[in-house]
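Single-structure report; data block below.
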There are 2 protein chains.
Amino acid sequence: MDVTGHTQGSGAPTQPPRRRAGVSIRDVARAAGVSYQTVSRVINESPSVAPHTRERVLAAVERLGFRRSATAHALAVGQVRTVTVLTGNTTLYGYASTLRGIEQAARATGYAVGIRVLEGESPSDVRAAVQHATDAGGGVLVIAYDRAGQAVWEALPEGLPAAAAVEAPAEVADGGARPRVWIDDRAAAAEATRYLLALGHRTVHHVAIPASVRGGSSPRALGWSQALREAGAVVPGPAGEGWDATDGHRAGRELARDPAVTAVLCGNDDLALGVVRAMHEAGRSVPASVSVMGFDDAPHAAFLTPALSTVRLDFAQLGRACFHGLLTQLAPDAPSEEAPPLTATLVRRESTAPPPP
Amino acid sequence: MDVTGHTQGSGAPTQPPRRRAGVSIRDVARAAGVSYQTVSRVINESPSVAPHTRERVLAAVERLGFRRSATAHALAVGQVRTVTVLTGNTTLYGYASTLRGIEQAARATGYAVGIRVLEGESPSDVRAAVQHATDAGGGVLVIAYDRAGQAVWEALPEGLPAAAAVEAPAEVADGGARPRVWIDDRAAAAEATRYLLALGHRTVHHVAIPASVRGGSSPRALGWSQALREAGAVVPGPAGEGWDATDGHRAGRELARDPAVTAVLCGNDDLALGVVRAMHEAGRSVPASVSVMGFDDAPHAAFLTPALSTVRLDFAQLGRACFHGLLTQLAPDAPSEEAPPLTATLVRRESTAPPPP
DNA sequence: CTGAAAGCGCTTACAG
DNA sequence: CTGAAAGCGCTTACAG
């Protein structure tokens, strides 16, 4: 079947208006019988305007449907109420949820949000992204869960208001000039690993998400190996890495071959989905023969069969916190939100169980 | 387990620069020994500039690191190279993919993209969204897959350059003033229904996504019932509706009770996920006892067990087409893309089979 | 409390 | 080919 779609309209292209049809501050002034400066005062809620005058102006504003030009305002004050988010991805669960949190917080605060996805991590890609963000004029938010994000975060020019959602704090303190927010993935992964160990598994294998620093390991992988070491269990070699179910499936195929593998902790739920599928194809049942655990608690995790045990992360909250980190720079006197703690919660469902006898 | 997260930085809030630190057109002019108008010509690639002059200016631009202020430019020309997308959701597969397509196309064309999610469909919500979009200054793109989207699409003021990705063309021709793009969901759903019927099912049940028009049916539901009618099969009553797995699960629980139900076509893959899960819980195996089919072919569909039969829709392409529909209004002389056809493809996997004997 | 002036950084006719 | 002037729509001191 191949059903084709459609495009309609644009028959008579609406004339691209050279000038905004809008009514300006001067039109309002004329209508209200005052100078346009007074109009400016009124719309900026200056206290020094006679009540009577204010009302006349407001009435004119209403009647004429005046809307202040955001760009003229921005040019005059030298700042725009905009944040632009730089991210390597918009559809993976963690990224999409963080973005959602940012957008929510921004909207609630009256900020517009721009979005730009990163093409890669090459110097020219990074330069283009930084330039775009700078051009936009407002603050910058980077979702730095991967190398591309990390690269632009580091390349941001000094003085540019910015904040980031990161995988983990940099190993080396970087002066802490700019706000960064994160969830303690590492501790969460260690906890998940301990949970699996407590179930009776001799060790736990790990399919990782790529690290955001070249040559490093993801904090989740770090927490996993650390927990293993602390428990005196052997730390298996890497079992593949990636972001999506296809990557998980590939890793799972390898893992399925080794009967010694009885538990695998995945760097995210999509990876886990692929691993579970591979196990199924190899005739190894989950959790009877192998336990598989995810990370993130994406919306579908609870509905899989077996329902996926995982670690729930509140990315939307992380996104909101990130926005507020930026807001303190953009508007130092804005009421700063009391940030709720960013928590990670172990969710036990059906995909994990004691190892086969 | 409750691992808390962190916020760091912002110790010494970088002084919010009242004025852009940047170098202006006049700085460049001074450095190059020309008037600033000439600089303007050079950066706008005006043909009437002496080669020698151009080079001097370009050198100064380079040396000083000049970047033209987007907002000043916008104010002067009365237009910004920005599109803002209005959408009711950013995380559901269809929406997120459409958004991705839009962003890609916009980035490739040098347009910035703003995003604003719709709070609801009440008059005040609609007004706020429209106002925001208007304020932004550029063109508007609405993802009108739901009622909120449809409502703002209809509320857009005349003269505002806009385009939409819709579920289906309006029943009534609306003059076709503005470009709209869509995939023929209805035909695709009919095809899927016929496929199920051809497998031997006496009829097919349907768990729908909400219609984008009040009191109407989604095109997918329309295609389904039409195919049933044409085949002379009975058209079952509604089996619930919604967007996500939770909704699908609820509908699936009802459906599972009725032994006459042997095939269910879902309005999207998340719904199907929930239905499959409900069937599993009720002890009805898929596809031996019931066939269930999704819609969209989201990334996880292929990795479920059983792998989900579905209809693949190219939302990213739809998003790109939508952007180009807007572009023809924003920049009438831009090279208009040859739009590849928007196709829907039936994907047969493991969740569908002939009915039990 | 309110007006007149200057400026934000750029573009667009208009002269020359 | 290049400069001087005016303007985009608003804000910000400065007078009064």
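A, B, ... follow the sequence lines: proteins, then strands. Residue 1 opens every chain. Scope of the values below: all heavy atoms of this structure, side chains included, with no hydrogens, waters or symmetry mates.
Residue Arg54(A) is the one, among Arg54(A) and Ser24(B), whose nearest nucleotide of DNA chain C lies closer to the 5' end (criterion: closest heavy atom). Both Val49(A) and Tyr36(A) sit near DNA chain C, but only Val49(A) has its closest nucleotide nearer the 5' end.
Between the side chains of Tyr145(B) and Thr98(B), at least one donor-acceptor pair of N or O atoms lies under 3.5 Å. Side-chain contact of Asp146(A) with Tyr95(A): a donor-acceptor pair under 3.5 Å is present, judged by distance alone.
Within 4.0 Å of Thr38(B), counting heavy atoms only, lie sugar-phosphate atoms of the nucleic acid but no base atom. Within the 4.0 angstrom heavy-atom criterion, no nucleotide atom of any strand lies near Thr71(A). Residue Ser48(B) is classed as a base contact, given a heavy-atom separation below 4.0 Å to a base.
Nearest to the side chain of Thr53(B), among dC8(C), dC10(C), dC1(D), sits dC1(D). Closest contact between the side chain of Arg41(A) and the listed nucleotides dC1(D), dT2(C), dT11(D) involves dT2(C). Closest approach to the Asn44(A) side chain among dC1(C), dG7(D), dT11(D) is made by dT11(D) (side chain taken as heavy atoms from C-beta onward).
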Secondary structure of DNA chain D per the Watson-Crick/G-U criterion (both distances under 3.5 Å; [ ] crossing, | other strand, . unpaired) is |||.||||||||.|||
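For residues 43-63 of chain A, no residue pair satisfies the ring pair (Phe, Tyr, Trp, His ring centres under 6.0 Å) rule, not counting sequence neighbours. Under the side-chain hydrogen bond (donor to acceptor under 3.5 Å, both in side chains) criterion, the residue pairs touching residues 107-117 of chain A are Glu103(A)-Arg107(A), Arg107(A)-Glu119(B), with sequence neighbours excluded.
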Test side chain to side chain donor-acceptor pair (under 3.5 Å) applied to Arg320(B) and Gln317(B), step by step:
CA-CA 5 Å; Arg320(B) 273 178 236 120; Gln317(B) 183 55 44; 2.4 Å; yes
